[in-house]
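Remember, predicted model here, so these are calculated numbers, not experimental data. Naming convention: chains lettered A, B, ... in sequence-line order (proteins, then strands); numbering from 1 in each chain.
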Protein chains: 2
Amino acid sequence: MNDRMIPAARMTGHSQRGQCAKRISILDAAADVFCRQGFAAASIDEIAAVACVSRQTIYNHYREKETLFVAVVEDVMNRANAMLFSVLSAFPDNADNLEDDLTVFVIRLNKNCICNHDGKFLRKLVQTEGERYPHLFESWRQHGPGKLTTALSALLARLAQKGALIIDDFDVAARQFVALGNADLQMMTLFGGTPSDAELEKAARNAVRTFLRAYGRPAADKAGTQPQLAALSG
Amino acid sequence: MNDRMIPAARMTGHSQRGQCAKRISILDAAADVFCRQGFAAASIDEIAAVACVSRQTIYNHYREKETLFVAVVEDVMNRANAMLFSVLSAFPDNADNLEDDLTVFVIRLNKNCICNHDGKFLRKLVQTEGERYPHLFESWRQHGPGKLTTALSALLARLAQKGALIIDDFDVAARQFVALGNADLQMMTLFGGTPSDAELEKAARNAVRTFLRAYGRPAADKAGTQPQLAALSG
DNA sequence: GTAAAATTAGACGCCATTGTCTAAAACGTC
DNA sequence: GACGTTTTAGACAATGGCGTCTAATTTTAC
């Protein structure tokens, strides 16, 4: 409902098997309705109406409600995965200004992986239907937060080796980094509205400042340069 | 299903209007089923079966499914509220060993307010049905996390005034304190199994250590006394 | 012990939803 | 323009859950 209003745009991206316009339209509508209503309360008729598609067409592409549901989850997870990888690999190799770099990273992470449509969908879904589909929960854990903390742990280790950080336990630090990044947005993240860009930036700044106060090289102390982050594309 | 297996035990606590054994049994069963299935998928028949009660009895006490649902939420929220107050007021007035005190506090908080049955229920519920019942979400926010961070902010201000902490923004610090306390348990907290006591203690220790590294008086630095927390009742 | 209240089991109507089926219509391709 | 495929609208049975009703039974109160 929020992202990608033009279904055709996705055909160019990854033309997986049978990704015709109808399928995409159905997947998007189903994601919307499943997310709003939950699996049980979501009705095929409503999905068909939102997708501007006949009910029979849905049953034509996906044998039953369950099939459609797992297809939706798979689709959303693939996109979220790609986005996470993109954000992770955008972290600059040669650290220029650590505080700025980390702040931009947190902003990107929150904006594109946690507060975005897919992130909210997956979190809500896992909690709503995770008990019914344990493999769904497990898959989400491994590909979502698991991958994030693993990659983050490696990143922190790299920074510590350079002497920019002083960390005893990289995994703990990685989890704390994520937790701090979400501290100011938890109410938003858990449910409801998306935070504004200003809120995102302030939250990221608070998080990074505290993180660096705990793990930063004590030499730099504070003061120093007032962080100036101009372009935070995407 | 987990806590209070003996319904009669609650009659002594707060004998609110009409809190007979049947009502309590129904409320408990309904909480269980609503939590597992969500509102839509939960069936009155299953609730009746779990409560070992006739379906008609449920309709006798609660006019319809919706009525039962809000009664369940109210009930769980009341208990969670009382527990949160209890944990908050258990923080020692005259700080002895700050690190130990905070650690015990985090353990109690996580164990009795976040990882316990009611906490998980409310969090799951708010995310599952919050969109349908905005007032439910709002009420939970005010009485749950809202009250917690407010009280925590006051506590941190008290500690800062004593010189034990150096904090510029108490609200931010309070949110970060909560976030750090949950950092190691987020996967558990979000869904699934309850962490063991050892995990709870280690998570609390990690959280408090990082928090004090960021906000603690730099004089004490580290080393000092190895924290020794013996009794952490409740 | 008896009367009143609460509880039970089961049947019932009603409604929404799922998934199937069919005939008509739209679409694309040659 | 003709043909095969896809889509559509609607009817259809089957299922299951909600909420009501009733008669029998248990519990409670006096």
Side-chain angles (χ1 to χ4, degrees), chain A residues 6-8 10-11 15-73 128-129 131-133, chain B residues 6-8 10-12 15-73 125 128-129 131-133:
Chain A
I6 308 115
R10 280 177 61 203
M11 297 197 57
S15 66
Q16 256 172 338
R17 181 173 52 81
Q19 286 288 19
C20 68
K22 290 281 177 192
R23 283 183 94 93
I24 294 167
S25 167
I26 292 171
L27 282 180
D28 286 351
D32 180 30
V33 176
F34 277 137
C35 189
R36 271 191 293 110
Q37 317 263 40
F39 178 80
S43 94
I44 299 283
D45 284 325
E46 186 177 352
I47 293 173
V50 172
C52 297
V53 148
S54 155
R55 176 173 66 252
Q56 184 56 34
T57 301
I58 293 182
Y59 284 107
N60 194 1
H61 286 276
Y62 307 95
R63 189 159 28 78
E64 54 189 354
K65 198 181 179 184
E66 190 100 0
T67 314
L68 173 59
F69 179 73
V70 304
V72 167
V73 173
T128 308
E129 315 290 348
E131 207 143 359
R132 281 193 176 286
Y133 305 83
Chain B
I6 309 113
R10 280 176 62 202
M11 298 197 58
T12 66
S15 66
Q16 253 173 338
R17 181 173 53 83
Q19 284 290 20
C20 68
K22 291 281 178 192
R23 282 182 95 93
I24 294 167
S25 168
I26 292 171
L27 282 180
D28 286 351
D32 179 30
V33 177
F34 277 137
C35 189
R36 271 191 293 109
Q37 317 264 38
F39 178 81
S43 95
I44 299 283
D45 284 324
E46 185 177 353
I47 294 173
V50 172
C52 296
V53 148
S54 155
R55 176 175 63 252
Q56 184 56 33
T57 302
I58 294 181
Y59 283 107
N60 196 359
H61 286 275
Y62 306 95
R63 189 159 28 80
E64 53 189 356
K65 197 181 180 183
E66 190 101 1
T67 314
L68 173 59
F69 179 73
V70 305
V72 166
V73 173
L125 206 71
T128 307
E129 315 290 345
E131 206 143 359
R132 283 195 175 284
Y133 306 84

| request: Rounded to the nearest 0.5 Å, what's the gap from CZ on B:R23 to OG1 on B:T57? Could you check? | output: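 Between atom CZ of B:R23 and atom OG1 of B:T57 there are 12.0 Å.
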
| said: Minimum heavy-atom separation for A:K65 and A:A42, please, with both atom names. | reply: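 Here A:K65 and A:A42 meet closest at NZ-O, 2.7 Å.
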
| request: Grab the two heavy atoms, one from A:A29 and one from A:I47, that are nearest each other, plus how far apart they are. | output: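 In terms of heavy atoms, the two residues are closest at CB-O, 3.6 Å.
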
d([atom1], [X]; [atom2], [N]) in whole Å:
X     : N      : atom1 : atom2 : answer
B:D45 : D:dT15 : CG    : P     : 17 Å
A:E64 : D:dA14 : CD    : C1'   : 15 Å
B:K65 : C:dC15 : NZ    : P     : 18 Å
B:Y62 : C:dT7  : OH    : P     : 11 Å
B:E66 : D:dG19 : CD    : P     : 9 Å
B:L68 : D:dG17 : CG    : P     : 16 Å

Check the phosphate of [N] against [X], side-chain N and O only, distance under 4.0 Å to OP1 or OP2. Yes or no?
X     : N      : answer
A:N60 : D:dT6  : no
B:H61 : C:dT7  : yes
A:K22 : C:dC27 : no
A:T57 : D:dT8  : yes

| query | Taking the side chain of A:Y59 as heavy atoms from C-beta outward, which of D:dA9, C:dT20, C:dG10 is closest to it? | reply |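 Closest nucleotide to the A:Y59 side chain: C:dT20.
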
| field | Nearest to side-chain heavy atoms of A:Q56, which nucleotide of C:dT20, D:dC18, C:dT18 | value |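 The nucleotide sitting nearest to the side chain is C:dT20.
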
| NA contact type, A:A48, heavy-atom cut-off 4.0 Å: base, sugar-phosphate, or nothing? |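 Since no nucleic acid heavy atom lies under 4.0 Å of A:A48, the category is nothing.
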
| field | Given DNA chain C, 5'-ward residue of the pair A:A41 and B:S54, judged by closest heavy atom | value |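 Mapping each residue to its closest nucleotide by heavy atoms, the 5'-most match is B:S54.
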
| message | Check the orientation of A:F39 and A:F69. Use parallel for under 30°, tilted for 30 to 60°, and perpendicular for over 60°. | response |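 The arrangement is perpendicular - the two ring planes meet at more than 60°.
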
